[in-house]
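For reference, the structure discussed in these notes is given below.
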Amino acid sequence: MTGVTRSRIPALLAGLNGPQTLGNSRLFWVLWLAGVAAFALLPCVASRYQVLTASNFFISAILALSLCLIWGFAGILSLGQAAFFGVGGYAYGIVGINLIEATGESGAALVVGALAPALLAAAVGALMFYSRLKGVYVAILMLVVSLLLGLFMRQTADPAYAIGGAYLGGMNGLGPATASDPSIPNLTLGFGELVAEFDGRGRSFYWLALGALVAVYLGLRWLVNSSFGYLLVAVREDERRTETFGYDVRLIQLGAFCISAALAGLAGALYTAWGTYIHPDGFSVGPNILVVIWVAVGGRKDLTSVVVATLSLSWISIELATWGEISLLVLGVILVAAMLVAPEGVFATLGAWFGRLMVRSRRRPAPPPTAAAKLGAAR
Amino acid sequence: MSAPILEVRDVHKVYGGVRALNGLSLSVAAGEIHCVVGPNGAGKSTFFKTLIGVERPTTGQVFYKGQEVTKLPAFRRARLGLSVKFQNISAFGELTALQNLFVPLRRNHRKADIPARASAVLARVGLAGVEDTPVRQLSHGQQQWLSIGLSIAAEPDLLLLDEPAAGLSSEETARTAELIRELNRSGMTVVVIEHDMGFIRSLRARTSVLHYGRLFAQGGFDEIATNEDVRRIYLGAA
């Protein structure tokens, strides 16, 4: 490594590190890189089924991160995060079916998959935050929004519910309107001659999903340690106080809510592209609660913990599924035990504990960078 | 006396059947320290909330620097230079003192300038050297001063303090009074809402007494302290 790159790395990391994230040390980033590298190499050793399943785990982790942003950092618990996931999924499918033959790619569908839920969040969020709706009411309202969307989508079996070549399909899920229309396309990115198709069952999609997760994770690390991140935490800690500093708290909440919805929508779009399938069951209570569980068990105030928890819990539930009936019971026991032992999240607690251990184990600890230096460096 | 920086005119506030404010009119001159006292239930807290914009009066008007602000939300009033410290300690416990100051300072300053600004604010409230201490590890008095520091970080024209001496030792109370006088000398108008007459005594400022949601008496501290009617309502409330 040359001296130049060596000096650039801390500058690159400075924006990603800060008081809002656990794991800011060099050791953490070395382990992080090793983890990402291990995942990147997994398709070389894993079976086709394992690669397919892991791709879905990455998508779940993006969804969990979207909830982590609003719940953990802005203090807004939503029990309807799957609504944005579902809307993103449907939006990808509808746009993809209509455009794939004309343009030969579905990148625009992916973008609409993220934008459509952000618009929905802007509308619902404006109503909620500008009427000063708070706490449990936001959580319940969002669940109701999700359930209503599911209810509507279930009733779209009539062939009249077609948008161009896409037929909403009611309980059967989204599909082509006529035999001549294409089905939900694979994710196909590129321009003109340079087009790559990512088959949800293949390695390429796996790497794409992993890349998306890494990008979302790093982007959120930067966001929560930025000025905006400080404001989010200030709003979470004391909404009224933050307002008296001259900030329009409603706007901050709305901004976070829309970003969160866009990320959930991105996850939904990727999910639809992964399975080339989207169904109204995604809007029901189960998926909504599952996201909350991932975030709560990991530790809602830390991004890394949420990713680790989502990947672990998803893997455990797949493993347990082979046990048959008892699997749900075992999973339930694990979750209850986790919540009791570490109410702030298993991985966040472990991370904080490990951090203290590292500090103590250094004989002559180097003084940690002062907050002043961090603030200055984080520009 | 100079023009009022803050004025409330015939303000009523009704919660359900309770009249918390009942035709209160009061004005604060620019550049003064103005204390607002009253027994429990006199309407001090409601008065405070209508000033900062957390509550809107049922009827009546609030003026700040001659402009009507009755319907302005709290964040807009803050942008006009009206700052506030709540009764409870309202610093963010998980963050360090410097990180706390980042929140009010960020609105008007570049990120690179903030550490120096923050240190200056901390020095001003007598907290030099605690920049990197998590707020939770500060003493109660230090947290109160940090809380005042957060309120003055944006260099307001008017500072509203709700019970700044609550829970402080006598030495800390004296330091708080000195801090308030110092802020006032630098040009800030300060309104202190307080239950404790002892603390008001140390400020020796113009004092308004609220009772049953109205202005009951007003004058210099000595005048108020020797007012028989004021003594009666205080003893009556005790």
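Within every chain, numbering begins at 1; the chains are lettered A, B, ... in the order of the sequence lines, protein sequences first and strands thereafter.
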Worksheet item: Heavy-atom count around B:Arg117 CZ within 6.0 Å, excluding the residue itself: above 12?
Response: no

Discussion item. Heavy atom to heavy atom, less than 4.5 Å: which residues from residues 51-69 of chain B reach chain A?
Written reply: B:Val54

Practice prompt. Compare every heavy atom of A:Arg241 with every heavy atom of B:Lys85, then report the nearest pair and how far apart it is.
Written response: CA-NH1, 4.2 Å

Discussion item. Show every salt bridge (charged side-chain N to carboxylate O under 4.0 Å, His left out) that has at least one partner inside residues 121-139 of chain A, sequence neighbours left out.
Written reply: A:Arg132-A:Glu243, A:Lys134-A:Glu239

Worksheet item: Nearest 0.5 Å, what's the CZ-CG distance between B:Arg107 and A:Leu231?
Response: 10.5 Å

Response to the item:
Heavy-atom closest pair (A:Thr244 atom, B:Ala78 atom, distance to 0.1 Å) is O-CB, 3.2 Å

Response to the item:
A:Tyr247 meets the ring-ring contact (aromatic ring centres under 6.0 Å, His included) criterion, sequence neighbours left out, with none

Worksheet item: Would you say A:Phe245 and B:Leu150 make side-chain contact, with heavy atoms under 4.5 Å?
Response: yes

Discussion item. So for atom OH, which belongs to A:Tyr130, do other residues, nucleotides or ligands contribute more than 12 heavy atoms lying within a distance under 6.0 Å?
Written reply: yes

Discussion item. Whether B:Arg106 engages the ring of A:Tyr230 as a cation-pi pair (distance to the six-membered ring centre under 6.0 angstrom, angle to the ring normal within 45°) should be assessed.
Written reply: no

Fill in: Engaged part of B:Ser151 at the chain A interface, taking heavy atoms whose separation is under 4.5 Å
both

Discussion item. Measuring from atom CZ of B:Arg110 to atom OG of A:Ser227, what distance do you get when rounded to the nearest 0.5 angstrom?
Written reply: 12.0 Å

Worksheet item: More than 12 non-hydrogen atoms from neighbouring residues, nucleotides or ligands closer than 6.0 Å to OH on B:Tyr15, yes or no?
Response: yes

Worksheet item: Looking at residues at least two apart in the chain, or sitting in another chain, which of them share a ring-ring contact (aromatic ring centres under 6.0 Å, His included) with A:Trp353?
Response: none

Discussion item. Tell me whether the count of non-hydrogen atoms from other residues, nucleotides or ligands lying under 6.0 Å of CZ in B:Arg181 goes above 12.
Written reply: yes

Worksheet item: Can you tell me how far CG of A:Asp248 sits from CZ of B:Arg76, rounded to the nearest 0.5 angstrom?
Response: 7.0 Å

Discussion item. Would you compute the distance between atom CG of A:Asp238 and atom CZ of B:Phe86 and round it to the nearest 0.5 angstrom?
Written reply: 7.0 Å

